[in-house]
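What follows is a short report on a single structure.
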Amino acid sequence: MRITELLNKDAMDLHAAPKNKEDAIHHLVDLMMKSGNILDRKTYEDCVFKRETTGSTGIGEGVAIPHAKTRAVKKAGLSVMVAPDGVDFDTLDGEPARLFFLIAAPDTEENIHLDVLGRLSVLLMDDAFRQSLMDAKDKDAFFRLINEAENKKLAETRQKEAAAKQAAPGAYRILAVTACPTGIAHTYMAAESLEEKAKEMGVTIKVETNGSGGKKNVLTRAEIAAADGVIIAADTKVDMPRFDGKPVIQTRVSDGISRPKELIETILNGNAPIYHTEGGKQAVVEESKEGIGHQIYKHLMNGVSNMLPFVIGGGILIAIAFLLDTILAPGADPANFGMNSPAAAFFKTVGNAAFGFMLPILAGFIASSIADRPGLAVGFVGGALANAGGSGFLGALIAGFIAGYLMLGLEKLCGRLPKSLEGTKPVLIYPVVGILAIGAIITFIVNPPVSMLNLWISNSLASMNEASGVLLGALVGGMMSVDMGGPVNKAAYVFGTASLISAAGDPVSSGVMAAVMIGGMVPPLAIALCTTFFKNRFTVKERQTTLTNYIMGFSFITEGVIPFAAADPLRVIPSCVVGSAVAGALSMLFGCTLPAPHGGIFVFAVVQNWPMYLLSLLIGSVIAMILLAILKKPVKETA
């Protein structure tokens, strides 16, 4: 179905002025109603908004293509809006959206909306064409521009198909695969960019797109065997074993859009690394033009993304436990907060169990990203030993990378073994030797110095007990943000709880716990505030944790920031440390004290001078938010 067949001039507004994203969608749905394609406005509009919760359809470059497939649609259609002044639409490049296409698709087996979305994305890659649509004087001119561009693209597609039929199998010099996290716009934009550049260079190319509608233009064995090399421009997992023995470039989907010539020339010049698989396992391939920093980041993100459900699930359940104890057992033992009532104890137990998996999962999936399946079990064990041995978050990070590279080294050593022992490697040699080695490294090399560091920090804090209360508050508050639940955080927390026992009415000692807790509450709240007011500093997935971080921050669960700290430690950790230190210092300055070792906002009722305590929390969180917004640059996420 052609794009022009879905356009209706009654469903177009070339001079709109929406106030925000919600207003823009409302107006687009109003226009769609004029086309007569919608059976139930509310159901359709709800589906459009629901789609936005999975990730913004603002694809960047001033364009947004919201869409929905539902039974509320009688007939497929498009509504069009141009907003000359632009509107904040949570676009992937953080820029205002000015050109909008709303797609309505009936709930049938055909994925009309994905087909239209892909073709629109490709057409809108042309800067001049995109600008001409925004500058169209009237609806007729807008319609004519779409029609001409589509006719041109259809003619080019037919030429490609005809050339493909005439070409002998394996006639393509270069093959490519494009894929992005949501499998929509950038998948097809990268394919188009590679095809256009190859045509300009006089090189034959075939591009497989792994989009939301499934794989299209799938590469055949004969084509793979005869090609000079393969370009993998993808931010998601791609079926790689089929490329065993071929020169392969693995890079980001955005590079397929912005660097097609460089990628093609790398293949033609014979500079692409050879890809190999071992026993069906994907081998690690050096990424073209990417430094070790980006590779480490990718491994880290694999661990963080798999750890995140445990952080969120466990953290919210613990927060519910605190709430239940506040309601059901208000006068019970504050030292046992969260476990005083049977209902609270259940939620706390389950939440703690989820938290117990957090660090092993982090280390395990970092290791598996480096060494694939053989690294998984070794990383899990390393993370668990780091957690049990006091290394905490930092130890688990170290364990993950050690486990991954340890298994790569072990695989190379085992490559010299006779082929008759091939089957014993994954089921015997790798797990036994790997787990034994990581156990020895973490137990005897990693954990001891971290434990000594922890003890030194605790002793140093104890020696400061008579010093300035404000300085002490700043120190313990800042320490709570250094490693988000790791040994430094735990040292400050243990010192705070110990101060409750020895306070004996001393205002400095009895205020330490208050400074510790407020310091631990600042990081999640700072992240939540920053994702609320500075959205373009974060990816769509990161912004989806906003509510969770508010809950964790108010519940004194600092671990909610671990994914952010792991992804960008040089910006997140210093910002949070400063904010927490300010909050802790103000808490001591205002004479705030806390008799409970945990609970967050749920125990504010027992805080001495709680109004100023709340003010200290707000000031520290806002300072951390501002620093984070200044240090972090706007992100440009593929979709």
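Nothing here was measured: the structure is a model prediction, and the numbers come from that model.
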query = So do the side chains of Leu7 and Val80 get within less than 4.5 Å of each other, counting heavy atoms only?
reply = yes
request  = Would you check, one step at a time, whether the test salt bridge (Lys or Arg N to Asp or Glu O under 4.0 Å) holds for Asp46 with Lys42?
outcome  = CA-CA 6 Å; Asp46 288 346; Lys42 184 178 186 306; 2.9 Å; yes
ask   = Okay, side chain of Arg98, backbone of Met134: is any donor-acceptor separation there less than 3.5 Å?
value = no
message = Measuring from atom OG of Ser193 to atom CZ of Arg259, what distance do you get when rounded to the nearest 0.5 angstrom?
response = 11.5 Å
remark   = Nearest heavy-atom approach of Gly579 to Ala624 is CA-CB, 4.0 Å
task = Identify the two heavy atoms, one from Phe604 and one from Gly600, that lie closest to each other, and give their separation to 0.1 Å.
result = CD1-O, 3.2 Å
key: Student check: side-chain heavy atoms of His15 and Val82 closer than 4.5 Å   = no
inquiry  = Nearest 0.5 angstrom please: Arg144 CZ to Thr4 OG1, how far?
reply    = 13.5 Å
message = For the backbone of Gly519 and the side chain of Ser580, can you confirm whether one donor and one acceptor N or O come within less than 3.5 Å of each other?
response = yes
message = Show every side chain to side chain donor-acceptor pair (under 3.5 Å) that has at least one partner inside residues 518-535, sequence neighbours left out.
response = Thr531-Thr546, Thr532-Tyr550
task = For the residue pair Leu586 and Ile619, establish whether any side-chain heavy-atom pair is separated by less than 4.5 Å.
result = yes
message = If we count only N and O atoms by modelled type, under 3.5 Å, do the side chains of Gln131 and Asp135 hold a donor and an acceptor together?
response = yes
message = Nearest 0.5 Å, please: how far is CG in Asp30 from CE in Met32?
response = 11.0 Å
inquiry  = Any non-hydrogen side-chain atom of Ile601 less than 4.5 Å from a side-chain atom of Phe556?
reply    = no
inquiry  = So does Ile557 get a backbone contact from the side chain of Ser555, meaning a donor-acceptor N/O pair under 3.5 Å?
reply    = no
query = Would you call Lys216 and Glu208 a salt bridge, using N to O less than 4.0 angstrom?
reply = no
key: For Lys139, side-chain contact (heavy atoms from CB on, under 4.5 Å) partners two or more places apart   = Lys9, Met12, Leu14
task = Check the pair Val207 / Val177 against side chain to side chain contact (heavy atoms under 4.5 Å, CB included), numbers first and verdict last.
result = CA-CA 6 Å; Val207 184; Val177 180; over 6 Å; no
Short side-chain to backbone donor-acceptor contact, Ser369 and Phe365, under 3.5 Å = no
task = Look at atom CZ of Arg41 and say whether more than 12 heavy atoms of other residues, nucleotides or ligands are closer to it than 6.0 Å.
result = yes
ask   = side chain to side chain contact (heavy atoms under 4.5 Å, CB included) between Thr43 and Ile38: does it pass, once the steps are laid out?
value = CA-CA 9 Å; Thr43 300; Ile38 306 300; over 6 Å; no
remark   = Closest non-hydrogen atoms of Ala136 and Leu145, given as atom of the first, atom of the second and distance, are CB-CD1, 4.4 Å
message = Within the 4.5 Å heavy-atom criterion, are Met81 and Pro18 side-chain neighbours or not?
response = yes
key: Non-hydrogen side-chain atoms of Thr548 and Ile551 separated by less than 4.5 Å   = no
ask   = Excluding sequence neighbours, so at least two apart, what forms side-chain contact (heavy atoms from CB on, under 4.5 Å) with Ser621?
value = Val522, Leu525, Leu529, Leu617
query = Looking at SG of Cys47 and OH of Tyr44, how far apart are the two atoms once the value is rounded to the nearest 0.5 Å?
reply = 9.0 Å
inquiry  = I'd like to know if the side chain of Arg537 and the backbone of Cys530 have a donor-acceptor N/O pair within less than 3.5 Å.
reply    = no
Spacing of Ile232 atom CD1 and Asn210 atom CG [to the nearest 0.5 Å] = 8.5 Å
message = Check whether Asn549 reaches the backbone of Thr545 with its side chain - one donor and one acceptor, N or O, closer than 3.5 Å.
response = yes
message = Donor-acceptor pair, distance only, cut-off 3.5 Å: does the side chain of Asp23 make one with the backbone of Lys19?
response = yes
key: Residue pair Phe310 / Met358: nearest heavy atoms and the distance that separates them   = CB-CA, 4.4 Å
ask   = Between Glu95 and Glu61, is any pair of side-chain heavy atoms under 4.5 Å apart?
value = no
query = Would you call Asp90 and Lys21 a salt bridge, using N to O less than 4.0 angstrom?
reply = yes
query = Any idea which heavy atoms bring Ala11 and Leu78 closest together, and the distance?
reply = CB-O, 3.8 Å
ask   = With ring centroids as reference points, do Tyr613 and Phe590 lie under 6.0 angstrom apart?
value = no
Without placing hydrogens or testing angles, list every side-chain donor-acceptor pair under 3.5 Å for residues 569-576, not counting sequence neighbours.
unit_1: Arg571; atom_1: NE; unit_2: Leu631; atom_2: O; d: 2.9
unit_1: Arg571; atom_1: NH1; unit_2: Asp568; atom_2: OD1; d: 3.2
unit_1: Ser575; atom_1: OG; unit_2: Arg571; atom_2: O; d: 2.8
unit_1: Ser575; atom_1: OG; unit_2: Leu628; atom_2: N; d: 3.4

query = From Ile3 CD1 over to Asn147 CG, what is the distance, rounded to the nearest 0.5 angstrom?
reply = 10.5 Å
message = Closer than 3.5 angstrom, by distance alone: can the side chain of Thr251 be matched with the main-chain N or O of Asp255 as a donor-acceptor pair?
response = no
request  = Could you go through the salt bridge (Lys or Arg N to Asp or Glu O under 4.0 Å) check for Glu200 and Lys197 one step at a time?
outcome  = CA-CA 5 Å; Glu200 179 184 313; Lys197 184 55 65 176; 3.2 Å; yes
query = Listed by chain and number, what are the side-chain contact (heavy atoms from CB on, under 4.5 Å) partners of Leu39, not counting sequence neighbours?
reply = Lys74
ask   = Which atoms form the tightest heavy-atom contact between Asn8 and Ser35, and what is the distance?
value = ND2-CA, 3.9 Å
message = Could you go through Asn609 and Met612, starting from their C-alpha distance and side-chain angles, then the distance that decides it, and tell me whether this counts as side chain to side chain contact (heavy atoms under 4.5 Å, CB included)?
response = CA-CA 6 Å; Asn609 198 11; Met612 300 310 292; 3.4 Å; yes
ask   = Side chains of Leu133 and Ile146: closer than 4.5 Å at any heavy-atom pair?
value = yes
message = Evaluate His67 against Arg51 for side chain to side chain contact (heavy atoms under 4.5 Å, CB included), listing each step before the verdict.
response = CA-CA 7 Å; His67 50 273; Arg51 168 59 186 84; 3.3 Å; yes
note = Applying side-chain contact (heavy atoms from CB on, under 4.5 Å) to Pro66 and not counting sequence neighbours gives Leu28, Val48, Glu52, Thr57, Ala64, Phe89, Leu102
